[in-house]
Every structure is written in C-alpha cells, then in structure tokens.
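Notes follow the structure.
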Amino acid sequence: YDGHIGYTIEKEYRGHHYSKDACLLLFDKAKEKGFKQLMITCSPDNIASRKIIESLPFKYLETKEVPACLKKDFDQGDYILFGFGGVMKFIHLADLHLGKIIYQNNLLDIQIDLLNQVMNYMVQKKIDTLVIAGDVYDRAIASKESIVALNHFLEAMILHYHKKVLIISGNHDSSERLDFASSLLQSQGLYIVSYPEKEIRPIEIEGVYFYLVPFFKPSYIRYLYEKDDLKTYQDAFAYYLSQQTFVEDHPKVLVTHQF
C-alpha cells in the first residue's frame, strides 16, 4: 500500500468526469516533480472509483490483501485493487517532405508554420518527446532552405524547450546526410537512426522503450545478415524483426518507415 487520495463529488456535480480530470492533472504535476511512475488503489467493491481507474491509462497489476496494520482504515473489505500508470506522452509525425514543390509552388513556408504549431502544442500540453518516422526531406539532396528550417526547429525544440526528438530516415531521405554527426547530438536529446542496426539499441524515455528502424531495402538486410534468400521487402522486414530481442514487462514502441 503506497498511499491514498480521497475525494468527494457533491451530488449535483456528479457525472461530469471531474474525478478523472483531477487524476489526469495529477499526472502532469507528478511529471513536473520527477515521478517516473504512479500507483493508484481502491477497494474492489468501490465500483465508481474502479470505473474511474479503468478509464485512465493504467495497467492492472493485482488484487492484494490489505496489510493487517491498515485494515482498520478500510470499511469496504479486506482487499484493494492495485493499478500502475505511466505519465509519458509523445507526438508522432512522418512524411514531412520538407522542401516539397507542387506545380512550381514551394510548400516550405506552410511546412514551417505546421512545425511551429506542433512545437507550441507540445509546450502547452507538456509533451516532451517527438517522433519523426521518415521522409524528413522531400529529396535525397535537400535544399538549403529546408535544411535551415529543420535546424531552426530542432534547435528550438531541444535547446530552448528541452524536448527529445527521435528521427529515422525514409525512402526519400539520404541516410548519409541525415546520419551526419548524429552520435554527437544524442547528449542533447536528438536521436537519429539512418541505418538499420544488426541489433536494435532501444532508446528508453520515461520507462518506454523506442525501437527505431529506418527505411531499408532487402539488399541491405541480405548484406547485414548474409542471408541471400531474402527477396521481398516483407520477407526482409519479417526476418529483421525475428533477429531482435525486445525488452519484456515494459511499454515498447516500434518506429519504422517501410513499404
């Protein structure tokens, strides 16, 4: 037993999800204080509270007997429901195609505005992780303007707002160019993976494990594992995943960009 939050909702205010909203606000407050996880409890007989817990992003753990020293504090039975919930949130983007031109009209100004909207939303909602799943640029040799636009966005996100950004390359990107100096930037919170690793090294953020798998052709997997019978994209991707070891008992996110 790790604690207790008590509340009362006056009858005329019931049915408006105030209890759920209060718990969600506590998630953000706990995150500000550095909590990596939260636990919430209630008696199995407390149907109203149980429904609130089940509507939250919690994972049921177990039902346990209340310790003898605490039984005097519980009038609704000798057992209590344990739940576990994380406070981690992230935004997923893909196919930015920065610098795309349609009918001789450059979309970069619109794209910059959209990136700024994403950044402002993350700041307002206190979301600390952004995932960009491939096709960052529209062409392998990106324009100077699109490179500058991405640099300004990442600089504001990482250095000013202290967000973490995870990026993989897509089929429109140049793996070589996107990978440049990527290892030097990880300490600042920017993670870029442009080539599939023989054994994926997950990036752990607030208890969630991100597995980054950039775009690849079957020929690359044939070379990586010396497996000449891999012909199709589907076969190569299935074999690649079969060679990986994923952590157990933790939330996992696979980020990829494939056909």
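- Across all non-hydrogen atoms, the minimal contact from S19 to I9 is OG-CG1, 3.5 Å.
- Separation of atoms CD (Q104) and CG (N106) is listed at 11.5 Å; rounding is to 0.5 Å.
- Shortest non-hydrogen contact noted between H257 and N171 is NE2-OD1, 2.9 Å.
- In this structure the side chain of M122 reaches within 4.5 angstrom of the side chain of M157, judged on heavy atoms.
- Here F259 sits in one hydrophobic cluster together with F215, Y233; the rule is ILVMFWY side chains under 4.5 Å apart, joined directly or through other members.
- Following chains of ILVMFWY side-chain contacts shorter than 4.5 Å, one cannot reach Y209 starting from I91, and the two form parts of different hydrophobic clusters.
- Under the 4.5 Å side-chain criterion, counting only non-hydrogen atoms from C-beta, T256 is not in contact with Y211.
- The aromatic ring centres of Y191 and F210 sit 6.0 Å or more apart.
- With rounding to the nearest 0.5 angstrom, the CD atom of E206 is 6.0 Å from the OG1 atom of T129.
- Of the residues listed (D109, D113, L108, L115), the one engaging Q111 in a side-chain contact (heavy atoms from CB on, under 4.5 Å) is L108, and it is the only one.
- In this structure, Y225 places its OH atom where more than 12 heavy-atom neighbours from other residues, nucleotides or ligands lie under 6.0 Å away.
- Residues passing the side chain to side chain donor-acceptor pair (under 3.5 Å) test with D138 are H97, sequence neighbours excluded.
- No side-chain heavy atom of S194 sits less than 4.5 Å from a side-chain heavy atom of P214.
- Y121 and L96 fall within a single hydrophobic cluster, where Ile, Leu, Val, Met, Phe, Trp and Tyr side chains are chained together by heavy-atom contacts under 4.5 Å.
- Checked for salt-bridge contact, D128 and K163 meet the test: a charged N lies under 4.0 Å from a carboxylate O.
- A 6.0 Å sphere centred on NZ of K51 holds no more than 12 heavy atoms belonging to other residues, nucleotides or ligands.
- Contacts of K144 classified as salt bridge (Lys or Arg N to Asp or Glu O under 4.0 Å), with partners at least two apart in sequence or in another chain: none.
- Using modelled atom types and a 3.5 Å distance limit, the side chains of N120 and Q124 yield no donor-acceptor pair.
- Environment of NZ in K231: crowded, with over 12 heavy atoms of neighbouring residues, nucleotides or ligands closer than 6.0 Å.
- Separating the CG atom in D173 from the CG atom in L178 is a distance of 5.5 Å, to the nearest 0.5 Å.
- Shortest non-hydrogen contact noted between K252 and E248 is NZ-CA, 4.4 Å.
- Results of the side-chain contact (heavy atoms from CB on, under 4.5 Å) test with I192 over I167, I132, V165, L154 single out I167 as the only residue that passes.
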Would R201 and E197 count as a salt bridge (charged side-chain N to carboxylate O under 4.0 Å, His left out) if you check the C-alpha gap in whole Å, the side-chain angles of each, and the deciding distance to 0.1 Å? CA-CA 8 Å; R201 292 170 294 177; E197 304 167 300; 2.6 Å; yes
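- V118 is connected to L98 through a chain of hydrophobic side-chain contacts under 4.5 Å among Ile, Leu, Val, Met, Phe, Trp and Tyr, so both are in one cluster.
- Side-chain contact between L150 and V148: absent, with no pair of heavy atoms (C-beta onward) separated by less than 4.5 Å.
- Taking hydrophobic clusters as Ile, Leu, Val, Met, Phe, Trp and Tyr residues chained together by side-chain heavy-atom distances below 4.5 Å, V247 does not share a cluster with I205.
- Residues Y240 and L224 approach most closely at CE1-CD2, 4.3 Å, considering heavy atoms.
- Cluster membership check: L254 does not share its hydrophobic cluster with V131, using side-chain heavy-atom separations under 4.5 Å among Ile, Leu, Val, Met, Phe, Trp and Tyr.
- Between the CD atom in Q244 and the NZ atom in K198 there is a gap of 10.5 Å [rounded to 0.5 Å].
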Can you check side chain to side chain contact (heavy atoms under 4.5 Å, CB included) on L107 and I101, steps first, answer last? CA-CA 6 Å; L107 304 182; I101 297 175; over 6 Å; no
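- With contacts defined as side-chain heavy-atom distances shorter than 4.5 Å, the pair Y195/F216 does not qualify.
- The pair E226-R222 fails the salt-bridge criterion, with no side-chain N (NZ, NE, NH1 or NH2) lying under 4.0 Å from an Asp/Glu carboxylate O.
- Proximity of V253 to V208: side-chain heavy atoms (C-beta onward) are separated by under 4.5 Å at one or more points.
- To the nearest 0.5 angstrom, L190 atom CG is 4.0 Å from I158 atom CD1.
- Enclosure of atom NE2 in H17 is not indicated, since only 12 or fewer non-hydrogen atoms of other residues, nucleotides or ligands lie within 6.0 angstrom.
- Counting heavy atoms from C-beta on, the side chains of L159 and Q188 come closer than 4.5 Å.
- When side chains are defined from C-beta on, I221 does not count as touching F237, because their heavy atoms never get closer than 4.5 Å.
- Taking every heavy atom of both residues into account, S143 and R139 meet most closely at CB-NH2, 3.8 Å.
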Should L130 and K164 be marked as a side chain to side chain contact (heavy atoms under 4.5 Å, CB included) after you check the CA-CA gap, both sets of side-chain angles, and the distance that decides it? CA-CA 6 Å; L130 172 66; K164 290 182 173 61; over 6 Å; no
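- Taking OG of S146 as the start and CD1 of I141 as the end, the distance is 11.5 Å to the nearest 0.5 Å.
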